[in-house]
Amino acid sequence: IKLVKTEIDKQLSLSPDVISVVSLVDLFIEYAYVSGASDVHIHPEAVGVRLRYRIDGLLRDIFPKEKISKDLHHELISRIKVISGLRTDEHNLPQDGRFRVKIENGGEEVDVRVSIMPTYHGENSVMRILAENKSFDITSLGFSPTDLVKVQHAIKKPYGMILAAGPTSSGKTTTLYTLLKDLNHPETSIITIEDPLEYSLEGTTQIQVDDKTGLTFASGLRSILRQDPNTVMVGEIRDEETAAIAVNAALTGHLVLSTLHTNDAATTFPRLIDMGVQPFLVASTVNIAVGQRLVRKICESCKKERILTDSEVVSLTEIFPKDAIMRNKKYFRGEGCDVCNGSGYEGRLGIREVLEVTNDIRQLILQRASSQDIAAAAVKAGMTTMLVDGIQKAAKGLTTIEEVLRIIHE
């Protein structure tokens with residue numbers, strides 16, 4: 001990381017007419033890759049250009065905005081447009097593109113998704129970094145042993161729905177890809193429809209939504225069902241039409257995986273009913289709903305033990321289940337070091353809840369019960385909530401209580 005940062009500093013210290021914009025853009029992407037950043041933000045302001053990296057879910061300023069002049073901004077955006085196949089003469093409309101670049105140190109090819117947006121001070125660019133070698137392993141997702149059994153049981157069923165629920169950037173797509181990799185066998189046909197395509201999964205047929213040609217989730221899903229699939233992955237259920245076709249596919253002998261933007265696992269059922277799907281269809285098609293968030297992991301290089309004080313225990317029992325806190329007072333935190341850039345965190349992991357649709361849950365769905373009633377019944381049946389899963393992972397030294405609290409409040 002330090003080597004790449006030094007190279008960027010060297011380039012930025014040169015006069016604008018000497019700087020190699022081609023090298024600079026490559027270095028920006030390489031820094032994102034080596035630092036584990038998911039996005040690179042190039043944001044023009046009144047004075048200078050702000051360069052920020054989203055690392056472990058949070059945006060960080062890596063270089064002072066005065067280092068990147070407004071004169072250099074136009075060249076940077078033009079270079080990004082050229083390699084993304086976008087129009088360089090268009091400055092007043094949003095544009096989306098993508099390109100692939102080979103990282104010099106490591107030789108890996110990285111897929112970069114680009115969004116250009118006109119703003120008051122000039123065009124804003126956000127580049128999403130998608131590493132090709134991302135490993136999808138169901139055991140690495142961080143499911144508890146009980147939840148892992150539920151998930152493995154659900155993906156062995158020949159039909160039904162598996163839903164991943166959570167806000168944007170909560171790891172839903174990664175969860176679905178991991179399940180798809182487990183299902184990916186030569187004797188099985190897997191087709192996905194996504195917007196956008198995030199990862200390439202060999203052995204599957206992947207389709208990109210394109211509104212310009214009329215290829216929407218709904219129209220694409222209809223056509224997919226005529227392609228003789230065993231398993232279908234729909235990037236997101238956004239509307240009534242897509243929800244209806246997905247449920248119909250699950251009823252007619254297909255295993256359907258998809259995501260919903262809901263706060264937790266229990267809310268997926270009222271959400272589908274709000275989309276116009278009949279309760280009896282929801283109850284008979286959904287196998288499991290997985291609610292999830294991503295929390296930052298404690299940096300192993302500077303991890304230190306901490307003991308909760310009595311006042312902290314009292315305060316935390318107002319938020320977390322009392323027995324989950326009282327069971328353990330020893331937790332951990334990162335002190336901050338060079339490895340984690342002083343943050344105390346390095347990498348992320350998921351905290352999850354897996355709601356299995358039992359006969360009792362089906363009855364509640366048929367009665368149009370609230371998400372609170374469904375969640376209470378699921379907990380009574382043994383579901384570990386995201387809150388409890390978070391505190392259990394904090395007790396194991398994987399994350400901090402502060403991080404779990406941050407995610408809850410978000």
Side-chain angles (χ1 to χ4, degrees), residues 57 138-155 157 160-179 182 236-237 257-272 282-283 285-297 316 319-325 327 348-362 364-365 369-396 398-401 403-410:
I138 196 167
T139 57
S140 68
L141 285 177
F143 284 112
S144 68
T146 309
D147 286 344
L148 185 58
V149 169
K150 289 178 185 176
V151 171
Q152 288 174 328
H153 177 66
I155 62 175
K157 292 185 178 179
M161 292 182 78
I162 295 172
L163 298 173
T168 303
S169 299
S170 60
K172 300 186 299 294
T173 304
T174 300
T175 297
L176 293 189
Y177 267 98
T178 307
L179 300 184
D182 221 57
E236 184 188 342
I237 295 177
L257 285 70
S258 192
T259 69
L260 275 173
H261 283 279
T262 59
N263 288 330
D264 53 32
T267 314
T268 58
F269 306 104
R271 178 83 181 98
L272 283 172
V282 176
T285 54
V286 180
N287 296 336
I288 58 166
V290 181
Q292 64 182 68
R293 298 287 190 282
L294 290 177
V295 294
R296 291 180 292 170
K297 291 164 66 176
L316 288 169
I319 303 166
F320 297 100
K322 190 174 181 180
D323 60 335
I325 293 293
R327 199 179 298 132
R348 289 192 290 176
L349 78 156
I351 57 172
R352 293 179 172 83
E353 59 187 18
V354 178
L355 197 162
E356 191 172 27
V357 180
T358 61
N359 288 331
D360 290 340
I361 300 291
R362 282 193 187 92
L364 288 171
I365 295 168
S370 67
S371 58
Q372 289 88 347
D373 290 341
I374 293 171
V379 170
K380 190 177 177 183
M383 181 182 82
T384 301
T385 64
M386 274 186 283
L387 265 178
V388 174
D389 189 43
I391 204 72
Q392 286 174 352
K393 285 183 166 74
K396 290 175 183 174
L398 300 173
T399 187
T400 62
I401 292 178
E403 183 66 6
V404 176
L405 288 170
R406 180 181 71 84
I407 292 299
I408 291 162
H409 288 305
E410 279 187 0

Might you work through the side-chain contact (heavy atoms from CB on, under 4.5 Å) test for V286 and L272, ending with a clear yes or no? CA-CA 10 Å; V286 180; L272 283 172; 4.1 Å; yes

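- Few gaps surround CZ on R348; more than 12 heavy atoms of other groups in view lie less than 6.0 Å from it.
- Counting heavy atoms from C-beta on, the side chains of Q392 and T384 come closer than 4.5 Å.
- Here the side chains of V379 and V388 are not in contact, with every heavy-atom distance at 4.5 Å or above.
- In this structure, the side-chain hydrogen bond (donor to acceptor under 3.5 Å, both in side chains) partners of K393, at least two apart in sequence or on a different chain, are D389.
- Taking both residues in full, the closest heavy atoms of N287 and A154 are given as ND2-O, 4.0 Å, listed atom of the first, atom of the second, then distance.
- Between the side chain of E403 and the backbone N or O of V295 there is no donor-acceptor pair closer than 3.5 Å.
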Any chance you could lay out the side-chain contact (heavy atoms from CB on, under 4.5 Å) test for I391 and V404, step after step, and finish with the verdict? CA-CA 7 Å; I391 204 72; V404 176; 5.8 Å; no

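- For the pair A289 and T268, the tightest heavy-atom approach, listed with the atom from each and the gap, is CB-OG1, 3.6 Å.
- Residue T259 holds its OG1 atom at 8.5 Å from CG of L163, rounded to the nearest 0.5 Å.
- Residue I319 holds its CD1 atom at 10.0 Å from CD1 of I401, rounded to the nearest 0.5 Å.
- Between T262 and D264, the closest heavy-atom pair is OG1-O, 3.2 Å.
- Among all heavy-atom pairs drawn from I365 and I374, the shortest one is CG1-CD1, 4.3 Å.
- Atom CD1 of I288 sits about 12.0 Å away from atom CE of M383, to the nearest 0.5 Å.
- The two residues K172 and L260 come nearest to each other via the heavy atoms CD-O, 3.9 Å.
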Going through the checks in order, is the side-chain contact (heavy atoms from CB on, under 4.5 Å) test met by M161 and I237? CA-CA 12 Å; M161 292 182 78; I237 295 177; 3.8 Å; yes

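- Note: I155 CD1 to L257 CG = 8.5 Å, rounded to the nearest 0.5 Å.
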For residues 350-359, please give each side-chain donor-acceptor pair under 3.5 Å, one per line with the distance, not counting sequence neighbours.
{"unit_1": "R352", "atom_1": "NE", "unit_2": "Q292", "atom_2": "OE1", "d": "3.3"}
{"unit_1": "R352", "atom_1": "NH1", "unit_2": "L141", "atom_2": "O", "d": "2.4"}
{"unit_1": "R352", "atom_1": "NH2", "unit_2": "T175", "atom_2": "OG1", "d": "3.2"}
{"unit_1": "E353", "atom_1": "OE1", "unit_2": "M386", "atom_2": "N", "d": "3.1"}
{"unit_1": "E353", "atom_1": "OE2", "unit_2": "A265", "atom_2": "N", "d": "3.0"}
{"unit_1": "T358", "atom_1": "OG1", "unit_2": "I361", "atom_2": "N", "d": "3.4"}
{"unit_1": "N359", "atom_1": "OD1", "unit_2": "R362", "atom_2": "NH1", "d": "3.2"}

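- Residues P167 and S170 share a closest heavy-atom pair of O-OG, 2.7 Å.
- In this structure, L176 CG and S258 OG are separated by 7.0 Å, a value rounded to the nearest 0.5 Å.
- Between the side chain of T178 and the main chain of I138, no donor-acceptor pair closer than 3.5 Å is present.
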As a quick check of understanding, evaluate side-chain contact (heavy atoms from CB on, under 4.5 Å) for K297 and L398, giving each step before the final call. CA-CA 6 Å; K297 291 164 66 176; L398 300 173; 5.6 Å; no

